Structures are given as C-alpha cells and as structure tokens.
Amino acid sequence: MTTGQRRPAGRHRRSLKRRGALLGGLTALGLTGVALAGTANAAADWPTPGKSQAVTKTIEVSGTYDGGLKRYYGSGDLGGDGQEEGQDPIFKLKDGAVLKNVVIGSPAADGVHCSGSCTLQNVWWEDVGEDAATFKGTSSGATYTVTGGGAKKADDKVFQFNGAGKLNITGFQVADFGKLVRSCGNCSTQYKRTISVNDVDVTAPGTSLVGINTNYGDTATLRSIRIHGDSSKKIKPCVRYTGNDDGDEPVETGSGPDGTYCRYSASDISYN
C-alpha cells in the first residue's frame, strides 16, 4: 500500500540465520514445533509445508484460522507478485481475528490485511509480494500482534501500517528486505501509530527496520534486535519522517535513537 517511499530496484537472495525464539512463550501460543526446532541457523527454522493450496479469492477470517502450516499462494486474480498498489490480499482478517500456522508462498498478492485488531501467530512469507501484511484499523485502541514467523524477499515493505493503534512484533525473523515496518507516509487519512519490535532477527540486505512520522506523534521502541551480515551497519534501525495526507513524498528528517520518537539505545541492537 501507499507509503510515499521509493522502492528498491531488484531482488536479492541471501540465507537467513536466526537464534531460536522464546520457546516457552511461543509454545503457550500453540505454535507448531516445526517453527521452533533450530537455534543456530534460522534457515533450518523455516517450516516445509506438506501441502499447498491455490487461492483464487481472498479468504476472509473471523475468529481463529489455523492453517496447519499449509502453504497458500495466489492464483487467478490473486496471481500477482509485483509491487502494484491496490492488490487484494490472500487473507483478510476481521476485527479481532487470529491467523496462525500459515505459510504464504509465491505469488503472494498483497499478503494479509487486518481490518481492525488482529493477531498473526507463526505466519511465514516465503516471497513477499506487495506487502506481507497491512494494518488498517481506524480505532486508536486497535492492537496488531505479530508473534513468531518470518518474511523473506520483500522488495520494499514487510509490514505496512496504514491504520491507527499499536503494532507489536515479537520473535520474528526477516531477511532480504527493504523496510520491516513503515508507518504510512502519505495516506489520505493519517493517525498516531505506536510500534514495538522485540526479539527479532534481521539478515541483510535491508534498508531500515522502522520508519515513523514524527509530526503525527508516532513512536517506535526497539529491544533485543540481532542484525546479521551487516558489519558496515547499513541497515537503519529507526528512520524519522514528516508525513503528509496529500500523497506527496514524505521527507526524511533523521534516523537513530532520539529518546522521543525512536526509543532504543545502542545496547538494544547487536551485530553478528
């Protein structure tokens, strides 16, 4: 979806390394053991789906949808994997819905849309299409929770935060990406957005972890971030912008911890 950010050209291919996520916490959420197996090499942690299902029409979810680690991929009208705006998602979650134990293959169309508060547990994107997930709730009390799972090969964004409320990402892994989270830079309706990223493994190449709009009061809190394969520290943990509601390109105003909008310290980011 629209961000006001230019897209990096071309895709890259890199292997993914990851320390094991918080096993007890994920087990309590009912996540499948396949995703919890390895602790040394994150590539081994990725599930290998036993079954695949073509999706020609968006699957609408209310309540809880457990995919049993089946691979879902777009076909027909959902068969696109490009960066065109306005694509339909593979899954559309209603307010309060839970999507768990799902692998989204390629083509991925526009991944997952959350209409309000939602929870994504152990959801994996093998090749991100337009965006992996877009959060679209309009209530300031909306909460979007991403626990476990991972995403690879995102030309631009992994998570697009268009709506209002709070996004919590825990125990996730990302590799070969543009941005992990972007608060919409030029949506016609803008909101204050709160972002928390904790216990996440990041593998280069990548551009930034979080992009926020300070003029709308956005904040991003980063804790226990492990960045792999980026010894030159090119990946920016937090980037600040002045957003707008008229579709113009947002202006980058700075990056790094500032104690107000980008909330983290050097000890919260490790490089391996």
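Note that the structure is predicted; figures quoted are calculated from it, not measured. Side-chain atoms are counted along with the backbone in the values below, which use heavy atoms only and exclude waters and symmetry mates.
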Going by side-chain contact (heavy atoms from CB on, under 4.5 Å), Cys238 matches just one of Asp258, Val181, Ile269, Ile212. Which one?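 Between Cys238 and the candidates, side-chain contact (heavy atoms from CB on, under 4.5 Å) is satisfied uniquely by Ile212.
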Can you give each donor-acceptor pair under 3.5 Å made by side-chain atoms of residues 50-58, sequence neighbours left out, with the distance rounded to 0.1 Å?
residue : atom : partner : partner atom : Å
Ser52   : OG   : Arg71   : NH1          : 3.0
Gln53   : OE1  : Lys70   : NZ           : 3.1
Thr58   : OG1  : Pro89   : O            : 2.7

For the pair Arg240 and Cys262, evaluate side chain to side chain contact (heavy atoms under 4.5 Å, CB included) and give the outcome as yes or no after the intermediate values. CA-CA 8 Å; Arg240 297 182 293 277; Cys262 292; 3.6 Å; yes
Please tell me whether [X] and [Y] have a donor and an acceptor in their side chains that are separated by less than 3.5 angstrom.
{"X": "Arg193", "Y": "Ser183", "value": "yes"}
{"X": "Trp46", "Y": "Glu126", "value": "no"}
{"X": "Asn122", "Y": "Asn101", "value": "yes"}

Tell me the closest heavy-atom pair linking [X] and [Y], and the distance in Å.
{"X": "Ala151", "Y": "Phe172", "result": "N-CZ, 3.6 Å"}
{"X": "Gly211", "Y": "Arg182", "result": "O-NH1, 3.5 Å"}
{"X": "Lys153", "Y": "Asp127", "result": "O-OD1, 3.5 Å"}
{"X": "Leu209", "Y": "Pro237", "result": "CB-O, 3.2 Å"}
{"X": "Asp199", "Y": "Arg226", "result": "OD1-NH2, 2.6 Å"}
{"X": "Ala142", "Y": "Ala164", "result": "CB-O, 3.7 Å"}

Could you tell me whether the side chain of [X] and the main chain of [Y] form a donor-acceptor pair under 3.5 Å?
{"X": "Asp268", "Y": "Arg223", "value": "no"}
{"X": "Asp95", "Y": "Ser117", "value": "yes"}
{"X": "Asp230", "Y": "Ala204", "value": "no"}
{"X": "Asn162", "Y": "Lys136", "value": "no"}

Test side chain to side chain contact (heavy atoms under 4.5 Å, CB included) on Phe177 and Thr203; report intermediate values, then the result. CA-CA 9 Å; Phe177 65 104; Thr203 299; over 6 Å; no
Measure the spacing between CG of Asp131 and NZ of Lys157 and express it to the nearest 0.5 Å.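 The NZ atom of Lys157 is 3.5 Å from CG of Asp131, to the nearest 0.5 Å.
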Side chain to side chain contact (heavy atoms under 4.5 Å, CB included) between Val210 and Leu180: does it pass, once the steps are laid out? CA-CA 6 Å; Val210 180; Leu180 176 59; 5.6 Å; no
Tyr241-Tyr261 aromatic ring centre distance below 6.0 Å: no
Within the 6.0 Å centroid threshold, strictly below: Tyr65 and Phe91: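 When the ring centroids of Tyr65 and Phe91 are compared, they turn out to be within the sub-6.0 Å range.
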In terms of relative ring orientation, are Phe135 and Tyr144 parallel, tilted or perpendicular, with 30° and 60° separating the classes?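 Judged by the thresholds at 30° and 60°, the geometry between Phe135 and Tyr144 is tilted.
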I'd like to know if Asp156 pairs up with Lys179 as an ion pair, taking the criterion as any Lys NZ or Arg NE/NH1/NH2 lying under 4.0 Å from an Asp or Glu carboxylate oxygen. yes
Could you walk me through whether Thr221 and Tyr264 pass side chain to side chain contact (heavy atoms under 4.5 Å, CB included), step by step? CA-CA 6 Å; Thr221 301; Tyr264 67 99; over 6 Å; no
